[in-house]
Peer 1: 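Let me give you the structure first, and then I'll get to my questions.
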Amino acid sequence: MTDRGRGPLLPYGVAEVTGPSMVPTLRHGDRLLVRYGAPPRAGAVAVLRHPLQQDLLLVKRLVELRDGGWWVLGDNTGAEAVDSRAFGEVPADLVLGLARVRYRGMRPGRQRSLGAVLAWLVSAVRPVSADRSLSRRLRAR
């Protein structure tokens, strides 16, 4: 995941998703509007620092708060485990913010008519919700 567009005084920033760990919720290349400093809650999709490589940012779902920090998992259970199954709980201070909106870039070479832009808006821009039912399903595995 890459992080850009966040200034020191702005609570919002843009992050780009890399890799398949959050499929089907997020796909490689999706961009997220992130609310930095938002209070974490179970079920939310968060941007966090990797607990063992703090220069690496991750996008994961917050499953539950435990004694050692947040248990985080990717939504794609078939992807390689780069989440709490590999590194354990993530200290709460490493959770940077919550994803609020996901959007996908327009495909290159596509026409940019008003109709095409509106169709893109309808299909490509979605809120990222805190799906508590998914959080419970992930916890049960």
Side-chain angles (χ1 to χ4, degrees), residues 1-112 114-141:
M1 192 206 77
T2 58
D3 181 34
R4 49 189 179 162
R6 179 180 177 226
L9 301 176
L10 298 176
Y12 287 91
V14 176
E16 184 175 349
V17 176
T18 57
S21 72
M22 288 299 292
V23 169
T25 306
L26 304 171
R27 296 189 310 210
H28 179 80
D30 284 353
R31 289 171 182 83
L32 303 173
L33 178 63
V34 179
R35 169 79 161 96
Y36 289 96
R41 63 186 186 283
V45 174
V47 173
L48 51 113
R49 292 194 184 280
H50 191 293
L52 306 176
Q53 294 176 275
Q54 293 187 11
D55 60 330
L56 178 63
L57 297 179
L58 303 172
V59 175
K60 300 294 175 196
R61 190 168 301 277
L62 302 175
V63 177
E64 68 181 352
L65 185 59
R66 297 181 175 182
D67 291 337
W70 283 97
W71 188 260
V72 300
L73 293 174
D75 287 356
N76 184 352
T77 56
E80 181 180 344
V82 182
D83 54 28
S84 288
R85 293 173 289 172
F87 49 70
E89 291 96 357
V90 175
D93 61 329
L94 296 183
V95 177
L96 303 177
L98 302 182
R100 298 296 192 198
V101 174
R102 177 270 294 163
Y103 62 97
R104 297 188 171 122
M106 293 186 86
R107 294 182 190 157
R110 296 280 228 165
Q111 71 178 39
R112 303 268 159 102
L114 179 59
V117 171
L118 290 175
W120 171 80
L121 280 172
V122 169
S123 68
V125 178
R126 296 265 192 269
V128 179
S129 64
D131 186 347
R132 293 186 185 278
S133 64
L134 180 59
S135 174
R136 281 193 287 274
R137 284 194 310 266
L138 289 171
R139 189 178 328 136
R141 292 177 192 235

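These numbers were taken from a predicted model, which means no experiment stands behind them. The basis for the numbers below is simple: all heavy atoms, side chains too, and nothing from hydrogens, waters or symmetry mates.
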Peer 1: Go through the steps to decide whether Arg49 and Leu57 satisfy the test side-chain contact (heavy atoms from CB on, under 4.5 Å), and finish with yes or no.
Peer 2: CA-CA 5 Å; Arg49 292 194 184 280; Leu57 297 179; 3.8 Å; yes

Peer 1: Answer yes or no: is there a side-chain heavy-atom contact under 4.5 Å between Val63 and Trp70?
Peer 2: no

Peer 1: Run the side-chain contact (heavy atoms from CB on, under 4.5 Å) check on Leu58 and Val82 step by step: do they pass?
Peer 2: CA-CA 9 Å; Leu58 303 172; Val82 182; 4.3 Å; yes

Peer 1: Test side-chain contact (heavy atoms from CB on, under 4.5 Å) on Leu26 and Val59; report intermediate values, then the result.
Peer 2: CA-CA 9 Å; Leu26 304 171; Val59 175; 3.7 Å; yes

Peer 1: Measure the spacing between OG1 of Thr25 and CG of Asp75 and express it to the nearest 0.5 Å.
Peer 2: 3.5 Å

Peer 1: Do Tyr12 and Val101 come within less than 4.5 Å of each other through their side chains, counting heavy atoms only?
Peer 2: no

Peer 1: Does the side chain of Leu62 come within less than 4.5 Å of Val95's, by heavy atoms?
Peer 2: yes

Peer 1: Taking Leu56's backbone N and O only, do any of them form a donor-acceptor pair with His50's side chain (distance below 3.5 Å, no angle check)?
Peer 2: no

Peer 1: In Å and rounded to the nearest 0.5 Å, what is the CG to CG distance from Leu98 to Leu32?
Peer 2: 11.0 Å

Peer 1: With rounding to the nearest 0.5 Å, note down the distance linking CZ in Arg85 to CD in Glu80.
Peer 2: 10.0 Å

Peer 1: So do Leu48 and Lys60 actually touch side chain to side chain, heavy atoms under 4.5 Å?
Peer 2: yes

Peer 1: Do His28 and Pro20 have side-chain heavy atoms sitting under 4.5 Å apart?
Peer 2: no

Peer 1: A side-chain contact here means heavy atoms from C-beta on lying under 4.5 Å apart; do Leu94 and Gln54 qualify?
Peer 2: yes

Peer 1: Classify the side-chain pair Ser21/Asn76 by whether it contains a donor and acceptor separated by less than 3.5 Å.
Peer 2: no

Peer 1: To the nearest 0.5 angstrom, please state how far the CD atom of Gln53 sits from the CZ atom of Phe87.
Peer 2: 10.0 Å

Peer 1: Under a 3.5 Å distance rule, please check whether Ser84 uses its side chain to pair with a backbone N or O of Val72 as donor and acceptor.
Peer 2: yes

Peer 1: For the pair Leu73 and Arg61, evaluate side-chain contact (heavy atoms from CB on, under 4.5 Å) and give the outcome as yes or no after the intermediate values.
Peer 2: CA-CA 5 Å; Leu73 293 174; Arg61 190 168 301 277; 5.6 Å; no

Peer 1: Working to the nearest 0.5 Å, report the span between CZ of Arg66 and CD of Glu89.
Peer 2: 5.5 Å

Peer 1: After noting the C-alpha distance and the side-chain angles of Arg104 and Asp30, does the key distance pass the salt bridge (charged side-chain N to carboxylate O under 4.0 Å, His left out) rule?
Peer 2: CA-CA 5 Å; Arg104 297 188 171 122; Asp30 284 353; 2.8 Å; yes

